[in-house]
Structures are given as structure tokens and as C-alpha cells.
Number of protein chains: 2
Amino acid sequence: MSTTIAVLRGFNRTYTQRIGVLDESFLGTGRALAVSRLLFEIGSRHHTTVRDLREQLGLDSGHVARMLRSLEGEGLVETAPDPDDGRRRLVRLTQDGRKAWRELDERSEALAAQLVDPLTTRQQERLAEALATADLLVRAATVQLREVAPGDPVAREATARYFDELDERFPAGFDPGGPEEPQPGTTSVVATSDGRPVAHGGLRPLPDLDHVTAEVKRMWVDPGWRGAGLGARMLRHLEALARDRGFTRVVLDTNDSLLEAIALYERAGYRRIGRYNDNPYARAWFEKGLGQIQTEG
Amino acid sequence: MSTTIAVLRGFNRTYTQRIGVLDESFLGTGRALAVSRLLFEIGSRHHTTVRDLREQLGLDSGHVARMLRSLEGEGLVETAPDPDDGRRRLVRLTQDGRKAWRELDERSEALAAQLVDPLTTRQQERLAEALATADLLVRAATVQLREVAPGDPVAREATARYFDELDERFPAGFDPGGPEEPQPGTTSVVATSDGRPVAHGGLRPLPDLDHVTAEVKRMWVDPGWRGAGLGARMLRHLEALARDRGFTRVVLDTNDSLLEAIALYERAGYRRIGRYNDNPYARAWFEKGLGQIQTEG
DNA sequence: GAGGTTATCTGACTAAAGTCAGACGTTGTG
DNA sequence: CACAACGTCTGACTTTAGTCAGATAACCTC
């Protein structure tokens, strides 16, 4: 849709002219803009390292170090070596820093309030709805899918959240059965945003079988990120991966209480088949041939 | 709605991290970011003056002058005195400048395309719709209403567009009857965006009457700006103005083919009354008492 | 046509942002 | 335990951005 691009660019213009000034809440505090931004970022996280900040804000390491010295000089932040890794330094706000952060937060809040003030309640609701939709879609569009080692901490976090959700949703609960033991040949694909997993999918050769069938495991999308096609994207990604590895067929199992998942599989061209494993939690089984070529960026 | 503010601020965060990079299309051209922005702005307008650019981009006059010298040095822009006012200088792109502008435009387009690429067509449509809504509401929220002298060029442009629209919409056309002659006591309120009128409303004492009734005239909202409450805002503004001047009642006339206008007046608390003037184009007459206090920012 | 205003420009700055090389200690690997 | 890789820091820059005080010419008003 080329019109989407035009609308996006048009909005970009409106945004920089009218909402971009929200950043001005960081001005006039006697600190440089970049320093204020850094302060705000530190306060917006529980605890963070210099590296995280550098990455998040896309700044040079020397630049960040200098700004941190400046904030330390003001008595707003303090740093300490990370006990887990002595190379890293943890950064956090002091009491005064928290106060300065709150001031920034309030300024920003006030500016935002002023911006929407001329609108009626009804219009504000429409605006909030539109922005929430745009927010979700833009975040989903810019998320990167990447393969990680089976024992990767991000993958662990994702599967832990997946199991928690199953436990909540299954009428009789869910027990993964013993601690995680990465199975050989398994691949984990995660989508991360700001370092935290927002979607996960696993792929492994279906054991004791024909070498042409792969199984999709542990498909999960963070509840806050649903409705933006992340599940479908993950599925396409896994299928492409399976195809690259010479598989010609994908199967998966699921539970009938996971309605969205079933709808997703059906939309993606999966067909119901009979039970192919002895997974006690499975109630539905699907397959899809990997004949035709599909694309996934 | 405090949630609107939260959503707006959340979106702001997503935006600066993910869409803000659209500006990076201005980087890596061997020119400073601000210079590229200026070049892009010049090329986005038909012809423009130094003053317009300064105002649009919110820059210091010395800064702009220097950047223009730099662009002239590259052979990308040329300036000439404005024949209408020798103090001003017109700025426009040269052949080479147009080429450089096109390059920037293409980079920006490509970045935007890349951003939305992971989304399905359906999701892109949802995104475009959400952004278009947000765009309209944000623009409407940040537009300023201001009183102008009756002969002001902006007011003239607005009424000219209003008359054109009436001429188009009335089955038998519309003839304003002779050239504009500003009537004594008339006030014009305009909403402008980037210097062009997007809404207009007039107010005058109702002639030969009681000195307590004001008449709203020439209510008009640019078609591209409808649906964001600008009409209602204008009406509230005019009512506040009338109240300030001691009027206790407002009347207005309209034509029954202007359905949105009639709906607007009814929503705003206007009641139909009998004909109070001999306007040949009027088919409906309304009044509203200015008893209770309402607010308009 | 005198006097104030407006638009643009130059010179002379300061502050902020960003870059790069290298030092130093910590950690993971073979 | 040697060695490469990593995370952070300092020093020594360069580039950009932005500011302010005039100078100059054109315009507007009375």
C-alpha cells in the first residue's frame, strides 16, 4: 500500500511540528537536552547498565560516560559495579535524582495534557484509540525476529511466560514437568523489544519419524502485542526456517482452549489431522505442507 | 481523559525510537542535518521567503542566513529579492537543488516503505487509518483561533473558499453580490495552519435590532479538516466573544443543503426559529441564548 | 522626507553533540 | 593461564547548532 507510506510521511511531518515539542519539557532545566534525556531514561527503568543506556539511546560510549559523570556531579545518579559482571556498571538515581526525574515527568505530562486539551472527550477517546493502534502496529512492524541458542536467557524468559499463561488458561492448570532441558536440534526464535521477549516460537525435527517433518513448539505472543500479526509473522518465519533445512511438512499440536492460536493456524493454511504424539495437554493437531514459496522479512 | 495523555506519551516514546529515524534519511549526504532539513523544506514549497523558512523551522535568522549561503555555495538554491517587497528574499531550488531534493525524498520514502514492509496489507491499512485519524486530531488540536481585521488577506481567502463551496453546493449556485465590502462591527476569527486558513467564523451585531443579539456569519471549515471538532470549537469561540461584548443571544441563518452545518448547530444547542432576515439563500434560522458560561481555550 | 519598523545579513561568539584512539580492568575460551 | 573480547572510562579533538549584537537596505506612516 503506497498510501500507507504517504500517510506515514504526512504524519511524520505533523508529529515533528506539533508533538515533537513534548521533548521541550526536557529543556530549561539547566541541563543539556541529551543529559536530561539520559536522566529520564535512567529513571524510567528499574536498574540499568551503562551499556543498556548507550544502546537504547544510540549514543557513543564516551559521550554517555561523560554525561553520567555530569549527572553524578549534580548528585542525581550513582553507579556501582554489576555484581554479575564486573565489567559492567549499574546506574541508578539517587533520592535527588528521583526528584529531578519526577519534575521532568510532570513537565512532559503537563505538555501532553495541554496538547489534547482543546479536544472534546469524545475526540480524545478517538485520538487515544488511533494512537494505541498505531503504537501497536509500529512496534510490531519494527520488532526483529532472531534465532537464539536454546538456553538463551531471553528464550527462557519467553517460555517461562508461555508456561505461566498455559497454567492460567488450562482448566486443570499446566505442569511443564521438570526443569528445562534443551532438546537437541531445537531452534528458538524470539522477537524482542527493548531486550525483553514479546514473541517466541520453537522448531524441532519431529522425533522418530521421516526426516521430512518439523514440529512447531511453544508459539507464544505477549498479550500486549497481540493483534498486530506477530504470531503470523513468527509462523511464517519458522516455516521458512524449516524449508531451508530441507523439511517439506510442518506439524504442531495445541489445546482447544487456545482459540486465537487455532484461528491463527487455520488462517495460515494449517489443516487438522489426527493425534500424532502423546502430549497430554494437546487436544488438536495440525499440519501444513511446505510446497509453495512464501516470503518473510 | 487522563488515559489519552498516557497513550500519547507512550506513543511519543515509540515514535522517537522507531519512526524518528525517518529523519535519518537526511543524514549521510555530506550535509548537516539542519541544512538538509532546510533544503527539503525549500523544495516542499512552491516559492518561499527566508522569513517563511525561519518561521516554519523555528530557527534563528542568522542561522538560516548562514545555511542558505552554504546551500548557495553548493549551487543548490538561489535567492532573489521579492518583487512585492524588496526587503524579503525569495528562495528556490536550482536544477541541481531539485535533484538533491528528490534524493532526500526518495530516501525518506524508502525508509518509510521499509518500516511498514513487515506488515500485511490489512495491517498497513489499519495503520494508515489510525495515523490519518491521529494526524487530523492532532492538527486540529494544535490549531490556533485568532481574531483578524475584517480585510485581512487570510480572512479574505477563507471567505472566498467559503463562497466557492456554496456556489458548488447550492443547486442554483451562489452569488455573493458584488465585491467584498467589510461591514462595520464585523469580527473575523480564523484558524490557520502553516499560514493558510482552515476555518473561519464571523460575528456582527444584528443590524436594526435590540443590541443584545449578535449574528454568526460565514462559518466555514476546510473540507480536509472536518470531523475534528473545529466547527464546534469555532462556534464556542464566537459565542464567548459575543458574551464578552455584552450580547445575550446569538442567531444565524443557513441553507438546508448544508446538512453538517445544521447538525453542528443543533448539537451546539441552537434552536430553530422563524426567518429574521431577507437573505435569499437562507432556508433555516437558529438562535441560542448565552445564559450559562461555557469555556473555550 | 523623517523616523520607526521590518527583513536579511555578517561577525564573533558559546554550548552542545558527537568522534576516535587508547588505557585499564574483567570475563570467557581453549 | 595466556589471549581475545568486552565494558567503561579519559583525553583530545571536530562538527553542529544556536545566540546576540549590530549593519544595511527597503518599506510604511504621518
Side-chain angles (χ1 to χ4, degrees), chain A residues 16 20-21 23-24 26-39 41-42 47-74 77-92 149 151-153 195, chain B residues 16 20-21 23-24 26-39 41-42 47-74 77-92 149 151-153 195:
Chain A
T16 45
V21 296
D23 272 8
E24 285 178 15
F26 288 156
L27 296 174
T29 54
R31 271 182 292 276
L33 182 62
V35 178
S36 282
R37 251 202 271 270
L38 180 63
L39 175 66
E41 187 64 34
I42 295 166
H47 47 263
T48 184
T49 63
V50 177
R51 182 169 207 300
D52 288 343
L53 294 170
R54 203 167 59 220
E55 203 141 277
Q56 183 68 40
L57 299 172
L59 297 169
D60 175 81
S61 92
H63 195 188
V64 171
R66 230 174 298 276
M67 291 195 287
L68 282 174
R69 271 345 109 235
S70 142
L71 286 171
E72 273 182 341
E74 282 191 81
V77 312
E78 53 195 9
T79 61
D82 185 341
D84 294 344
D85 182 340
R87 290 169 301 185
R88 285 201 280 256
R89 310 217 91 209
L90 292 175
V91 183
R92 61 174 185 188
D152 187 281
Chain B
T16 45
V21 296
D23 272 8
E24 287 180 14
F26 288 156
L27 295 174
T29 53
R31 272 182 292 274
L33 182 62
V35 178
S36 282
R37 252 201 270 271
L38 180 63
L39 175 65
E41 187 65 34
I42 295 167
H47 48 264
T48 184
T49 63
V50 176
R51 180 166 210 300
D52 289 344
L53 294 169
R54 202 166 61 220
E55 203 140 281
Q56 183 68 38
L57 299 172
L59 297 170
D60 175 83
S61 93
H63 195 187
V64 171
R66 230 174 299 277
M67 291 196 287
L68 283 174
R69 272 342 112 238
S70 141
L71 285 171
E72 274 182 339
E74 282 191 81
V77 312
E78 52 195 11
T79 61
D82 185 341
D84 293 346
D85 182 341
R87 291 169 301 184
R88 284 201 281 258
R89 309 217 92 209
L90 293 175
V91 182
R92 63 174 183 185
D152 186 282

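When the P atom of C:dA7 is taken as reference, atom CG of B:Leu53 falls 14 Å away, rounded to whole Å. Counting to the nearest Å, the P atom of C:dA16 and the CG atom of A:Leu71 are 13 Å from each other. Going from atom CG of B:Leu33 over to atom P of C:dA16 covers 19 Å, rounded to whole Å. Remark: C1' of C:dC9 and CZ of B:Arg51 are 15 Å apart, rounded to the nearest angstrom.
Annotation: side-chain contact (heavy atoms from CB on, under 4.5 Å) contacts of B:Arg54 (sequence neighbours excluded): B:Val50, B:Arg51, B:Ser61, B:Val64. A:Glu41 pairs by the salt bridge (Lys or Arg N to Asp or Glu O under 4.0 Å) definition with A:Arg45, B:Arg13, not counting sequence neighbours.
Within the model, atoms CG of A:Leu68 and CD1 of A:Ile42 stand 5.5 Å from one another, a figure rounded to the nearest 0.5 Å. Considering CG of A:Leu38 and CD of A:Gln56, their distance stands at 11.5 Å, rounded to 0.5 Å. Expressed to the nearest 0.5 Å, how far OG1 of A:Thr16 lies from CZ of B:Arg37 amounts to 7.5 Å. The line from CG of B:Asp52 to NE2 of B:His47 is 9.0 Å long, rounded to the nearest 0.5 Å. Atom OG1 in A:Thr48 sits 10.0 Å away from atom CD in A:Glu55 (nearest 0.5 Å).
At a threshold of 4.5 Å between non-hydrogen side-chain atoms, the residues A:Thr79 and A:Leu90 do not count as touching. B:Leu71 places a side-chain heavy atom less than 4.5 Å from the side chain of B:Arg31. The shortest distance between side-chain heavy atoms of A:Arg89 and A:Thr49 does not fall below 4.5 Å. Between A:Arg69 and A:Glu72, some side-chain heavy-atom pair lies under the 4.5 Å cut-off.
For the segment residues 61-69 of chain B, residues with any heavy atom less than 4.0 angstrom from an atom of DNA chain C are, sorted by number, B:Ser61, B:Gly62, B:Ala65, B:Arg66, B:Arg69.
Where B:Thr79 and A:Gly30 each meet DNA chain C at their nearest nucleotide, the meeting point lying more 5' is that of B:Thr79.
Here B:Arg89 does not reach the OP1 or OP2 of C:dT8: none of its side-chain N or O atoms lies under 4.0 Å away.
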- [ ] Do nucleotides 24-30 of chain C as a string where each nucleotide becomes B, S or -: B if the base has a protein heavy atom under 4.0 Å, S if just the sugar-phosphate does, - if no protein is that close.
- [x] -BBS---
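Each end of the helix from C:dG1-D:dC30 to C:dG30-D:dC1 gets its own axis, taken as the rotation carrying the C1' atoms of four end pairs onto the next four within a five-pair window, and the two axes meet at 30° to the nearest 10 degrees.
Nucleotides of DNA chain D lying under 4.0 Å from heavy atoms of chain B occupy a range whose first and last members, 5' to 3', are D:dT16 to D:dC27.
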